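Right, one structure below, let's go through it.
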Amino acid sequence: MKRIKLVSTLLAAALLSVASASYSQNFSTANSAVQASSSPALKAKTQYAHIGDHKVGYRKLGKGTPVILINRFRGTLDTWDPLFLDLLAQENTVIIFDQSGIGYSEGILPLTMQDLAAEVTQLADYLKIGKFNVMGWSYGGWVAQYVTFYNPDRILKTILIDNNPMGKNEVAMEPKFAESGMKANKDLGFEDYVTLFFEPKSEKSRLAAKKSLERISKRMDYSKVPERPEVLQRYFAPIASIVADAENFRGAYTTLKTPVLVISGDHDISFSFENWYPLIKKAPTTQFIVFPDAGHGPQDQYPELASSYIKTFLKN
């Protein structure tokens, strides 16, 4: 029964991001005519890498050591907060991409974390990048962990945003997820977005949610957000193996040489920051930051502060 509960919890957590695009769409209709500013992220050209027999969409901005960002469940090139990307790109070459079969990319979404991780290194190979930093948000954090453990000779540093380690995690999602995260897309609104990704009790957090959605809406193609049930099911396929953690990546943190930075909101109703506590004491290369009055998107709520921490981590 415990195993079933764990799988259900992780599945629900992955589903958390299903609604985000529709929240943005419902909230930002009035902003649809806003023209792209001088933001590098908003102006970055969508390019295509030939991986296998299909094309994978990506964007690149900034200069410096490469950092490849891996998106959340149902995230696309357009769903990253452009201010967060712009600030990261001040000191790094920032690369965002859509996984196969998602957003701007052709092909089919892989069914295993091994294959999802391989796409990241294949993209790096296409771009002629040897060593690089990797960053994953939510579902993308799992992929980033697999990339890190599979490629210790290539990954310089790893950043995990609102994600949990593989294996058994004790703190389950909150019931609030079912109340907002499982609504039909057409019924989702700003309040649902705040509940899931920010801190609804904080006026400061609510204002940050509004500002972030306004920024994202300036370059958002809603037709690129995956909706078909068969595609969404492919996202869920690796979850049982993540819980089982047959390769014991959770235990491997004790000997991992790669520096890892974990960033979490203090009220993430899907991936609780508390699930890191049993591991942090045994993970000598892992640093941990918890943002106050924040939910599942601390980098959207605190783009300046989050990017500052990350840039400091990457260059030291």
Side-chain angles (χ1 to χ4, degrees), residues 17 20-21 36 39-110 113-144 146-148 150-151 154-161 215-216 218-226 231 234-235 299-300 307 310 314:
S17 297
S20 178
S39 160
L42 294 177
K43 298 174 67 176
K45 180 182 177 181
T46 301
Q47 304 181 70
Y48 294 91
H50 294 270
I51 295 179
D53 59 355
H54 63 278
K55 295 188 295 185
V56 168
Y58 73 94
R59 293 175 189 156
K60 184 169 65 171
L61 60 149
K63 294 181 179 180
T65 305
V67 53
I68 298 179
L69 279 60
I70 309 171
N71 220 330
R72 58 171 174 77
F73 179 70
R74 287 193 74 184
T76 73
L77 292 176
D78 300 332
T79 55
W80 290 102
D81 188 314
L83 177 56
F84 174 67
L85 298 181
D86 288 345
L87 293 169
L88 280 181
Q90 290 175 346
E91 299 178 12
N92 301 275
T93 298
V94 174
I95 300 163
I96 59 175
F97 75 103
D98 283 341
Q99 294 158 332
S100 294
I102 303 301
Y104 292 78
S105 294
E106 299 175 344
I108 301 175
L109 183 69
M113 280 289 149
Q114 291 85 347
D115 289 338
L116 286 163
E119 283 198 334
V120 178
T121 53
Q122 289 167 354
L123 175 61
D125 291 342
Y126 178 87
L127 296 174
K128 302 187 186 311
I129 297 171
K131 296 185 178 183
F132 58 95
N133 301 298
V134 65
M135 181 188 306
W137 175 24
S138 188
Y139 189 92
W142 281 328
V143 181
Y146 275 77
V147 173
T148 299
Y150 283 145
N151 304 276
R154 297 189 69 176
I155 302 305
L156 300 170
K157 295 184 179 181
T158 300
I159 304 99
L160 306 174
I161 300 176
R215 293 190 295 265
I216 292 171
K218 292 179 181 179
R219 187 177 185 177
M220 182 68 205
D221 184 345
Y222 299 101
S223 70
K224 298 294 186 182
V225 178
V231 176
R234 297 185 75 88
Y235 274 111
Q299 79 283 7
D300 291 354
S307 61
I310 293 169
L314 291 178

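In this text the structure is predicted, and so the values were computed from the model without any measurement. Positions are given from 1 along the sequence.
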| request: Taking N71 for its side chain and T76 for its backbone only, find out whether a donor-acceptor pair lies under 3.5 Å. | output: yes

| task | State, yes or no, whether a side-chain contact exists between I95 and V67 at a heavy-atom distance under 4.5 Å. | result | no

| request: Any chance you could measure Y58, atom OH, to L69, atom CG, to the nearest 0.5 Å? | output: 15.0 Å

| query | Hey, are the side chains of M135 and I68 touching, using non-hydrogen atoms and a 4.5 Å cut-off? | reply | no

| Angle class for the W137/W80 ring planes (parallel below 30°, perpendicular above 60°, tilted otherwise)? | tilted

| request: Quick one: closest heavy-atom pair of Y126 and H50, and the distance? | output: CE1-N, 3.4 Å

| query | With a cut-off of under 6.0 Å to the ring centre and 45° to the axis, is R59 in cation-pi contact with Y104? | reply | yes

| request: For the residue pair I155 and V147, establish whether any side-chain heavy-atom pair is separated by less than 4.5 Å. | output: yes

| task | Any chance you could measure L83, atom CG, to D300, atom CG, to the nearest 0.5 Å? | result | 9.5 Å

| message | Quick check against the 3.5 Å criterion: does T148 have a side-chain atom that pairs as donor or acceptor with the backbone of A144? | response | yes

| message | With a 3.5 Å distance limit and no angle check, can you tell me whether N133 reaches the backbone of T158 through a side-chain donor-acceptor pair? | response | no

| task | Could you tell me the separation between the CH2 atom of W142 and the CG atom of L116, rounded to the nearest 0.5 Å? | result | 11.5 Å

| field | Shortest non-hydrogen separation from S39 to D86 and the atoms involved | value | OG-OD2, 2.5 Å

| Is the side chain of Q122 donor-acceptor paired with the backbone N or O of I51 at a distance under 3.5 Å, no angle test? | no

| Side chains of V56 and Y48 in contact at under 4.5 Å (non-hydrogen atoms) | no

| query | Would you say the side-chain atoms of R72 pair up with the backbone N or O of S138, donor to acceptor, closer than 3.5 Å? | reply | no

| field | Heavy atoms from other residues, nucleotides or ligands near CD1 of I108 exceed 12 (cutoff 6.0 Å) | value | no

| query | Could you state the interatomic distance from CD (E106) to CG (D98), rounded to the nearest 0.5 Å? | reply | 12.0 Å

| task | Begin from the C-alpha positions of Y235 and Y139 and carry the test ring-ring contact (aromatic ring centres under 6.0 Å, His included) through to its verdict. | result | CA-CA 9 Å; Y235 274 111; Y139 189 92; 5.4 Å; yes

| query | Do the side chain of S105 and the main chain of G57 share a donor and acceptor less than 3.5 angstrom apart? | reply | yes

| query | Is there side-chain contact between Y222 and M220, with at least one heavy-atom pair below 4.5 Å? | reply | yes

| task | Taking the side chain as every heavy atom from C-beta outward, state whether I159 and L314 have any pair of such atoms under 4.5 Å apart. | result | yes

| request: Show your reasoning for whether salt bridge (charged side-chain N to carboxylate O under 4.0 Å, His left out) applies to R154 and D125. | output: CA-CA 11 Å; R154 297 189 69 176; D125 291 342; 2.9 Å; yes

| Looking at L85 and L61, what are the two nearest heavy atoms and their distance? | O-CD1, 4.0 Å

| query | Do you know which two heavy atoms are closest between G75 and I102, and how far apart they sit? | reply | O-CG2, 3.6 Å

| Between N92 (side chain) and G64 (backbone), is there a donor-acceptor pair under 3.5 Å? | no

| Do M113 and V143 touch side chain to side chain, with heavy atoms closer than 4.5 Å? | yes

| request: Calculate, to the nearest 0.5 Å, the distance between atoms CD1 and CZ belonging to I161 and F84 respectively. | output: 4.0 Å

| request: Search all heavy atoms of L123 against all heavy atoms of A49 and return the closest pair with its distance. | output: CD1-CB, 3.7 Å

| request: Using modelled atom types only, decide if a donor and an acceptor are shared between the side chain of R219 and the backbone of D78 within a distance under 3.5 Å. | output: no

| query | Under 4.5 Å between any side-chain heavy atoms of S100 and L109, yes or no? | reply | no

| field | Distance in Å, I310 CD1 paired with L87 CG, rounded so as to fall on 0.5 Å steps | value | 10.0 Å

| request: Check for a donor-acceptor pair, side chain of R74 on one end and backbone N or O of P226 on the other, with a separation under 3.5 Å. | output: yes

